[in-house]
Novice: 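The structure under discussion is supplied below as structure tokens; questions concerning it will follow.
Worth knowing before you read on, the calculation uses all heavy atoms, side chains too, and leaves out hydrogens, waters and symmetry mates.
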Amino acid sequence: MKAIKKTLKKKGYIKIKLKKIATNHLELKAKINNVKGRFILDTGASNSCVGLDLVDHFNLLATESETKAAGAGAIDMETQQSENNLLKIGDWKTKSFHLVLFDLQHVNTALEQHNAKKVDGIIGADILEKGAAFIDYANKVLYLKKVKK
């Protein structure tokens, strides 16, 4: 495993610690527009998202969206979107972060039923792809490659 860590570091990857929570999800801390938040890492979510109730909290400019959200037992949820946000996860960052905004109440209710803390959003496959991600489940580490300027 040390050889992989060394190789990833040489190739410009940044190491980000993950925390396994009561629901077996992996959680990480991130900043959106320089505001801290708690997020679930979800490889099955096509887009990263934030709760609609946190638009002001994260200084987001929200616009209407035609897209309907589905997942975690909920379907056809109304969404909004927010473009060109700054996302920072550890030392990794991107300045062109697109977010889907929708009601995360069903997600947080499920987390609380398992004695886990509420989350502000979900980091999805869009960021994992942008950062050419490697997930080390055994050591609870996410590796993201620095975004070229």
Novice: Is there a side-chain contact between F97 and N33, using heavy atoms and a 4.5 Å cut-off?
Specialist: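 SC-SC contact between F97 and N33 ruled out.
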Novice: Is F102 reachable from L61 through a run of hydrophobic residues whose side-chain heavy atoms are each under 4.5 Å from the next?
Specialist: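 No: no chain of side-chain contacts under 4.5 Å links L61 to F102.
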Novice: So with a 6.0 Å cut-off around NE2 of H114, is the heavy-atom count from everything else above 12?
Specialist: no
Novice: Strictly distance-based, threshold 3.5 Å: is any side-chain N or O of W92 a donor or acceptor partner for the main-chain N or O of G131?
Specialist: no
Novice: For the atom pair CD (Q81) and CG (L101), what is the distance rounded to the nearest 0.5 Å?
Specialist: 8.5 Å
Novice: What's the separation between atom CG in D136 and atom CG in L8, rounded to the nearest 0.5 Å?
Specialist: 9.5 Å
Novice: Find out whether D56 and L54 are in side-chain contact, i.e. whether some heavy atom of one side chain is under 4.5 Å from a heavy atom of the other.
Specialist: no
Novice: Quick one: closest heavy-atom pair of Y13 and F134, and the distance?
Specialist: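 Minimum heavy-atom separation between Y13 and F134: OH-CE1, 3.5 Å.
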Novice: Hey, does T43 have a side-chain heavy atom less than 4.5 Å from the side chain of I135?
Specialist: yes
Novice: Taking it one step at a time, do L142 and L144 satisfy side chain to side chain contact (heavy atoms under 4.5 Å, CB included)?
Specialist: CA-CA 7 Å; L142 169 67; L144 293 173; 4.0 Å; yes
Novice: Would you check if there is a donor-acceptor pair between the side chains of S96 and K130 at a distance under 3.5 Å?
Specialist: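 Yes - a donor-acceptor pair under 3.5 Å links their side chains.
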Novice: Testing the basics here: between L111 and H25, what is the closest heavy-atom pair and its distance to 0.1 Å?
Specialist: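 Taking every non-hydrogen atom into account, CD2-ND1, 4.4 Å.
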Novice: Donor-acceptor check, side chain of N139 to backbone of V141, threshold 3.5 angstrom: yes or no?
Specialist: no
Novice: Indicate the atoms forming the closest heavy-atom contact of Y143 with K5, along with that distance.
Specialist: OH-CG, 3.1 Å
Novice: Say whether L86 and L60 are linked into one hydrophobic cluster, either directly or through other cluster members, by side-chain heavy-atom distances under 4.5 angstrom.
Specialist: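 No, it is not one cluster - the side chains of L86 and L60 are not joined through contacts under 4.5 Å.
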Novice: For residues V35 and F58, report the shortest heavy-atom separation together with the two atoms involved.
Specialist: O-CE2, 3.3 Å
Novice: Kindly compute the distance separating CD1 (I16) from CG (D91), expressed to the nearest 0.5 Å.
Specialist: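 Between atom CD1 of I16 and atom CG of D91 there are 8.5 Å.
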Novice: Can you find a heavy atom in the side chain of V50 that is under 4.5 Å from one in the side chain of V55?
Specialist: no
Novice: From the options K117, K17, R38, select the one residue that forms a salt bridge (Lys or Arg N to Asp or Glu O under 4.0 Å) with E27.
Specialist: R38
Novice: Less than 4.5 Å apart, any side-chain heavy atom of V119 and any of F39?
Specialist: no
Novice: Could you grab the distance from atom CD1 of I127 to atom NE2 of H98, nearest 0.5 Å is fine?
Specialist: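 Answer for the CD1-NE2 pair, I127 versus H98, is 10.5 Å.
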Novice: Determine whether I21 and L104 fall in the same hydrophobic cluster, where Ile, Leu, Val, Met, Phe, Trp and Tyr are linked whenever their side-chain heavy atoms lie under 4.5 Å apart.
Specialist: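 I21 and L104: one cluster.
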Novice: Determine whether I89 and L87 satisfy the following criterion, side chain to side chain contact (heavy atoms under 4.5 Å, CB included), listing intermediate values before the conclusion.
Specialist: CA-CA 7 Å; I89 305 172; L87 172 67; 4.0 Å; yes
Novice: For E83, I'd like to know if atom CD has over 12 heavy atoms of other residues, nucleotides or ligands within 6.0 Å.
Specialist: yes
Novice: Do you know which two heavy atoms are closest between N108 and K118, and how far apart they sit?
Specialist: OD1-CA, 3.1 Å
Novice: Any luck finding a side-chain donor-acceptor pair between S48 and D126 under 3.5 Å?
Specialist: yes
Novice: Please say which of K36, K29, K31, K95 ends up in a side chain to side chain contact (heavy atoms under 4.5 Å, CB included) with K88.
Specialist: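 Only one of K36, K29, K31, K95 forms a side chain to side chain contact (heavy atoms under 4.5 Å, CB included) with K88, namely K31.
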Novice: State, to 0.1 Å, how close N47 and V100 come at their nearest heavy-atom pair, and which atoms those are.
Specialist: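 The answer is CB-CG2, 3.7 Å.
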Novice: Which distance, rounded to the nearest 0.5 Å, do you find between the CG of N34 and the CG of N85?
Specialist: 11.0 Å
Novice: Output the distance between atom NZ (K19) and atom NZ (K140), rounded to the nearest 0.5 Å.
Specialist: 11.5 Å
